[in-house]
Amino acid sequence: MSVALFTLGGTIAMAGHTADGVRRLTGADLTAAVPGLADLGRPIDVQDVEAVSSANLTLAKMLDVVDAASKAISNGATGIVVTQGTDTLEETAFVVDQVWPHSHPFVLTGAMRNPTLAGHDGPANLLAAARVACSPAARDLGALVVLNDEIHAARWVRKTHSTSTATFASPNTGPIGQVVEGQVRILTRPARQDGVPGRAEPADLDATRVALYTVTLDDDGLLLDGLADTHQGLVVAGYGVGHVPSALAPVLGELAERIPVVLTSRTGGGSVLRHTYKSVGAESDLLGRGLIDGGFLDPYKARVLLRLLLATGEGHDDIIAAFAQHH
């Protein structure tokens, strides 16, 4: 059985510049540069899908990759590896985690230093990702992110630094495993959650607009005016445990009467609360006005989940239940 490798571009494949733009490495180029890959004892089946910055990836493209990966599993692949840019990797990994139906490992990786730089991390990350994709211990864990010899669950991982090779972290839990001396060691096994039912079609995704609004100091909320006329959903990244200025509370409550509004924290770690603070604009007040508790999900992942749910036609109660898994 093989490991199916899907390449999407990104820093890991960026090999300098030409007069026409960036020169990208193919999957064959990437695998040829990895010492020890041949020692895995499994062939690498390469499929070059895209050669773009991860800023240009879309939900529809990632769903297409999942479909292709499912076919690879049906054809006998033991696991999946995707290489891509790191800027949106925490979001694309969560997309995969919501729709991946198989027990086989689906591993996403990338690099922070391109192959023209000293100490480029792409080969080590690709080798570690392939080892995880081959490992029986990594089955039934959903989508995984592997960089810097750390294994992270897609639902918790964040990109936390703009340049560090140790940028990927899971603030609420830490990594669920590590690659040590070439061995995959899973330290904890989080239970898989129910994913998004159905398959969102490209036209439905295009028609589903979900806004992300980050609350800031002295926020007047003017950007929220008319939002329910142009969007089907809203994620609010509130202060701390889920607070907003008191003047925004009735505005958000009125929006929640028309579209799903999910409350998250802008801090990047921890959960929004439910009933600790009672003042206007505090979490209990906002939830009482109909906002949906986003739990431990960060704003970016909450937006991914809400858009997928809306694009597949899920109703309000189903949306609440989906987010409740993250409490």
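Bear in mind that the values here come from a model prediction, so they are computed numbers and not experimental data.
- Looking at Ser70 and Asp67, their side chains never bring a donor and an acceptor atom within 3.5 Å of each other.
- Note on residues 230-270: pairs passing ring pair (Phe, Tyr, Trp, His ring centres under 6.0 Å), not counting sequence neighbours, are His243-Tyr277.
- For residues 155-191, there are no ring pair (Phe, Tyr, Trp, His ring centres under 6.0 Å) pairs, not counting sequence neighbours.
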Inset, instruction - Please test Asn114 against Met112 for side chain to side chain contact (heavy atoms under 4.5 Å, CB included), starting from the C-alpha separation and ending with a verdict. - result: CA-CA 7 Å; Asn114 72 63; Met112 294 299 293; over 6 Å; no

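- Although no hydrogens or angles enter the test, the distance criterion places no donor-acceptor pair under 3.5 Å between the side chain of His327 and the main chain of Phe296.
- The ring pair (Phe, Tyr, Trp, His ring centres under 6.0 Å) check on His120 picks up nothing, with sequence neighbours excluded.
- Taking every heavy atom of both residues into account, Ile12 and Leu30 meet most closely at O-CD2, 3.3 Å.
- Side-chain contact between Thr214 and Asp219 is absent, with no heavy atoms from C-beta onward closer than 4.5 Å.
- By the side chain to side chain donor-acceptor pair (under 3.5 Å) test, Asp87 is found to be paired with Lys159, residues two or more places apart in sequence or in another chain being considered.
- Proximity of a side-chain donor or acceptor of Thr109 to a complementary backbone N or O of Ala129 within less than 3.5 Å is not detected.
- Side-chain contact annotation: Arg307 with Thr208, donor-acceptor N/O pair under 3.5 Å absent.
- In summary, the side chains of Ser284 and His275 do not present any donor paired with an acceptor at a separation below 3.5 Å, with no hydrogens or angles considered.
- The shortest side-chain heavy-atom distance between Tyr213 and Leu234 falls under the 4.5 Å cut-off.
- Pairs engaging residues 45-87 under the ring pair (Phe, Tyr, Trp, His ring centres under 6.0 Å) rule: none recorded [sequence neighbours left out].
- Side-chain contact annotation: Thr7 with Asp48, donor-acceptor N/O pair under 3.5 Å present.
- Among residues two or more places apart in sequence or in another chain, the ring pair (Phe, Tyr, Trp, His ring centres under 6.0 Å) test is passed with Phe106 by Trp100.
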Legend entry - Criterion salt bridge (charged side-chain N to carboxylate O under 4.0 Å, His left out) on Arg258 and Asp229, from CA distance to verdict: CA-CA 9 Å; Arg258 299 181 60 189; Asp229 297 324; 2.7 Å; yes

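- Taking the side chain as every heavy atom from C-beta outward, Leu57 and Thr92 approach each other to under 4.5 Å.
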Inset, instruction - Could you walk me through whether Ile176 and Leu187 pass side chain to side chain contact (heavy atoms under 4.5 Å, CB included), step by step? - result: CA-CA 5 Å; Ile176 65 168; Leu187 306 177; over 6 Å; no

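- Asp149 places none of its side-chain heavy atoms less than 4.5 Å from the side chain of Gln178.
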